[in-house]
Protein chains: 2
Amino acid sequence: MKIKVKGIENQGARGKMDLNERSMIVLKSIIENYIQNSEPIGSRTLSKSIGFKLSPATIRNIMSDLAESGFLIQTHTSAGRVPTDKAYRFYVDSMSKKPAVPEQIKQKLSPVSNVQGTPVEHILSKAVHLLAELTKFACVVSTPKQSVSRLQRIELIKISEDRILVILVTKAGVVRDKIIFVKENHSQEFLSSVTSFLNEEFKNHSMQEIREGIHQSIVSDRHRYHDLLAHAVRLGKKAFELNQPGEMFIEGQMNLLLDSHFHEQSSVKSLIDAFEQKTAIMKILDESMKNKGVHIHIGIENDYEHLHRCSLITASYRNKQNVLGSIGVVGPTSMDYKSIISTVEYTAKMLSKTISEQSYD
Amino acid sequence: MKIKVKGIENQGARGKMDLNERSMIVLKSIIENYIQNSEPIGSRTLSKSIGFKLSPATIRNIMSDLAESGFLIQTHTSAGRVPTDKAYRFYVDSMSKKPAVPEQIKQKLSPVSNVQGTPVEHILSKAVHLLAELTKFACVVSTPKQSVSRLQRIELIKISEDRILVILVTKAGVVRDKIIFVKENHSQEFLSSVTSFLNEEFKNHSMQEIREGIHQSIVSDRHRYHDLLAHAVRLGKKAFELNQPGEMFIEGQMNLLLDSHFHEQSSVKSLIDAFEQKTAIMKILDESMKNKGVHIHIGIENDYEHLHRCSLITASYRNKQNVLGSIGVVGPTSMDYKSIISTVEYTAKMLSKTISEQSYD
DNA sequence: TATTAGCACTATTCATTAATGAGTGCTAAT
DNA sequence: ATTAGCACTCATTAATGAATAGTGCTAATA
């Protein structure tokens with residue numbers, strides 16, 4: 001969005017400008033100043049810092065209007081005005097195209113692609129760690145959802161008489177393991193048969209499909225296997241049971257404490273709660289997987305009350321086939337949206353690239 | 001350590017007591033009070049709260065002596081006196097036998113044993129989470145050291161032409177995976193041969209041994225395998241290469257912020273650094289694996305400067321065969337050592353029990 | 001000789017006050 | 001429509017003083 005303004009930088013000529021657009025510029029200046037300095041700017045200072053000539057008094061009028069429309073609030077009479085969540089929303093919505101990611105940031109994120117060959121979890125944790133370091137806020141990333149990823153391979157390993165170690169490898173490159181307890185003492189050979197049966201049968205199917213279809217599929221194949229069948233059904237059901245809820249890595253929580261906006265005791269407590277009980281943030285990350293691009297949740301827009309003073313910037317990452325999870329930043333509503341958004345976007349892109357390259361299809 | 005004191009609770013008869021022992025009691029009272037209330041206690045108040053009759057003036061003399069011997073410091077004249085790290089050290093060293101773990105705490109930790117069948121990492125993360133919840137401090141746990149654990153099984157799975165997924169299962173029940181890149185395009189069948197060869201050869205050996213002995217062992221077996229050999233050596237070397245440095249889970253960092261002792265800006269910053277760069281804490285956890293029992297590091301005793309205002313209580317956990325890692329609490333030097341120590345000890349015990357039960361030997 | 005009472009002294013904390021200053025709102029002039 | 005000027009508000013800061021909690025020292029005491 002380009003705003004045309006006549007007479008800028010020209011003291012003498014006062015160009016005609018649409019009031020609306022002018023107040024937008026003022027609003028943006030206020031927001032940007034607040035983002036930078038974390039304290040309200042006065043009409044006088046603003047008048048000086050703004051690009052074109054406008055007296056403090058005029059700016060006061062504009063500010064007054066903006067306050068009336070809900071873009072600004074005063075904490076008390078005669079205090080500077082501070083942007084509301086509505087203002088931030090306007091700001092990000094009307095944001096000119098995201099700026100290019102600075103070379104410096106790209107460089108600092110480059111280690112993400114240097115951890116190829118390591119488990120996906122390591123890549124994620126590397127990425128979220130770097131992102132936290134760069135943004136100086138708290139960052140989160142969700143691990144790939146098991147349900148959507150497709151099976152690459154299953155292994156059943158006999159551990160003891162009554163325990164079998166199940167290893168699931170998904171196309172996305174995620175390895176999950178669990179132990180299942182069985183009553184019968186199967187031989188390793190028998191398990192190998194079941195293993196190859198399950199692999200043949202279910203390779204390339206999503207976990208969800210497998211779980212839903214495990215009965216039908218096996219039943220229809222009845223003629224090929226005999227005593228194997230009953231056991232395979234049982235083992236298979238157990239093996240594919242969803243055991244792990246979505247996980248989430250958090251990094252840089254402490255960063256938030258250094259941020260001036262969270263110095264008040266009450267909001268610190270809120271944040272602790274929000275991170276303690278991870279569900280709310282997890283939900284936002286999940287939501288973010290449904291659509292492409294960067295998602296922005298500003299303060300009060302968040303359903304969860306403890307996050308009302310935070311903004312979340314999230315973006316999903318994927319391999320060639322599926323959206324796997326998402327990564328995001330949790331910071332104060334007055335964060336520097338411009339740079340954070342592009343940094344998150346870039347990180348997600350890097351992540352997708354790295355993971356795709358070592359995905360198994 | 002039992003201290004015999006005559007005349008306690010008896011105003012009239014002033015029993016003879018060794019001055020030293022009496023001052024110990026005073027010191028302990030001061031420490032315990034400070035642990036509880038986080039603020040210095042005055043001679044007058046102490047005189048009232050102490051078990052036996054002793055005037056404020058006498059207590060002042062004793063306190064003065066204690067200060068001279070380095071057990072107490074005054075932040076400034078006419079402020080109450082506060083225990084030094086030396087005092088805490090005395091306190092924990094002279095502590096009477098650890099109190100039994102309260103039933104309530106046992107109950108709250110019981111979920112640790114309810115996660116059997118899940119990966120070891122989950123058990124650890126559950127334990128450290130609960131510990132943080134109970135102690136209200138930050139808690140850490142190190143994942144099992146790869147080097148000491150012994151091999152249960154290795155699997156090589158062909159992923160693509162040039163990539164092989166290696167899955168290592170240790171006796172301790174830890175599953176590790178990594179991808180290795182190869183130049184030759186091996187068939188899955190060939191990999192199976194290598195797999196069984198490696199399994200036969202190395203099962204029950206520690207990773208360290210395997211890594212060190214992989215040459216000799218294979219060479220001495222030369223007669224049994226032919227072309228397999230060269231590849232097996234290469235693959236084996238790659239597969240067993242140490243790829244992951246010890247990991248560590250952290251929980252409840254935020255708890256520290258609510259603690260009154262860390263409210264000063266400076267010490268918060270220190271803590272952030274300490275957790276950011278995990279090596280120092282990791283080192284203490286590693287150290288703790290060398291000896292049995294609970295380890296206590298008080299403030300200045302820590303090598304790492306950022307931890308000078310913290311105490312760490314750690315204990316190792318193990319399976320039937322090996323010490324695997326350790327778990328610990330990071331809190332202010334004025335923590336309630338009595339209860340924290342026994343809680344950490346109990347948690348480590350629970351952890352050992354749970355992990356032993358699902359270990360593979 | 002060890003303990004205690006009493007008193008002088010000191011430093012923190014808290015509430016009050018006054019000065020300062022940044023900022024707005026309104027009105028009249030341009 | 002814009003601006004200058006002025007009155008007013010409220011937060012922040014520093015200074016003041018009273019109250020408080022604490023020690024150190026000395027002389028009296030058991």
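Not measured: the values here are computed from a predicted model. Chain letters run A, B, ... following the sequence lines, proteins first and then strands; every chain starts at 1.
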Side-chain-base donor-acceptor pair under 3.5 Å for A/R60 and D/dG5 |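 Looking at the base of D/dG5, it does pair with a donor or acceptor on the side chain of A/R60 (distance under 3.5 Å).
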
Counterpart residues, side chain to side chain donor-acceptor pair (under 3.5 Å), relative to [X] (two or more places apart):
X: B/S311; value: B/Y337
X: A/T314; value: A/S288
X: A/K108; value: none

So does [X] get a side-chain nitrogen or oxygen closer than 4.0 Å to the phosphate oxygens (OP1/OP2) of [N]?
X: A/T77; N: D/dT9; result: no
X: A/T58; N: D/dA1; result: no
X: A/Q74; N: D/dA11; result: no

Starting at atom [atom1] of [X], determine the distance to atom [atom2] of [N], rounded to an integer number of angstrom.
X: B/Y34; N: D/dG22; atom1: OH; atom2: P; value: 14 Å
X: B/D65; N: C/dA2; atom1: CG; atom2: P; value: 12 Å
X: B/L54; N: C/dA5; atom1: CG; atom2: P; value: 11 Å
X: B/I62; N: C/dT3; atom1: CD1; atom2: P; value: 7 Å
X: B/R81; N: D/dA21; atom1: CZ; atom2: C1'; value: 13 Å
X: B/I59; N: C/dA5; atom1: CD1; atom2: C1'; value: 14 Å
X: A/I30; N: C/dG23; atom1: CD1; atom2: P; value: 12 Å
X: B/M63; N: D/dA21; atom1: CE; atom2: P; value: 15 Å

Most 5' of B/N61 and A/A57 on DNA chain C, judged by nearest nucleotide | B/N61

For B/K278, which residues count as a salt bridge (charged side-chain N to carboxylate O under 4.0 Å, His left out) partner, sequence neighbours excluded?
-> A/E251

Using Watson-Crick and G-U wobble pairs whose two distances are both under 3.5 Å, how do you write the pairing of DNA chain C as dot-bracket, with | for links to another strand?
-> ||||||||||||||||||||||||||||||

Side-chain donor-acceptor pairs of residues 66-75 of chain A under 3.5 Å, sequence neighbours excluded:
unit_1 : atom_1 : unit_2 : atom_2 : d
A/S69  : OG     : A/D65  : O      : 2.8
A/Q74  : NE2    : A/A79  : O      : 3.3

Using a heavy-atom cut-off of under 4.0 Å over every strand shown, decide if B/R44 touches base, sugar-phosphate, or nothing.
-> nothing

Neighbour count >12 (heavy atoms, 6.0 Å) for atom CG, A/D303 | no

Are A/D93 and A/R89 close enough for a salt bridge, meaning some N to O gap below 4.0 Å?
->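 Yes.
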
B/S55 has a side chain; which of C/dT24, C/dT4, C/dT3 sits nearest to it?
->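 So the nucleotide nearest the side chain must be C/dT4.
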
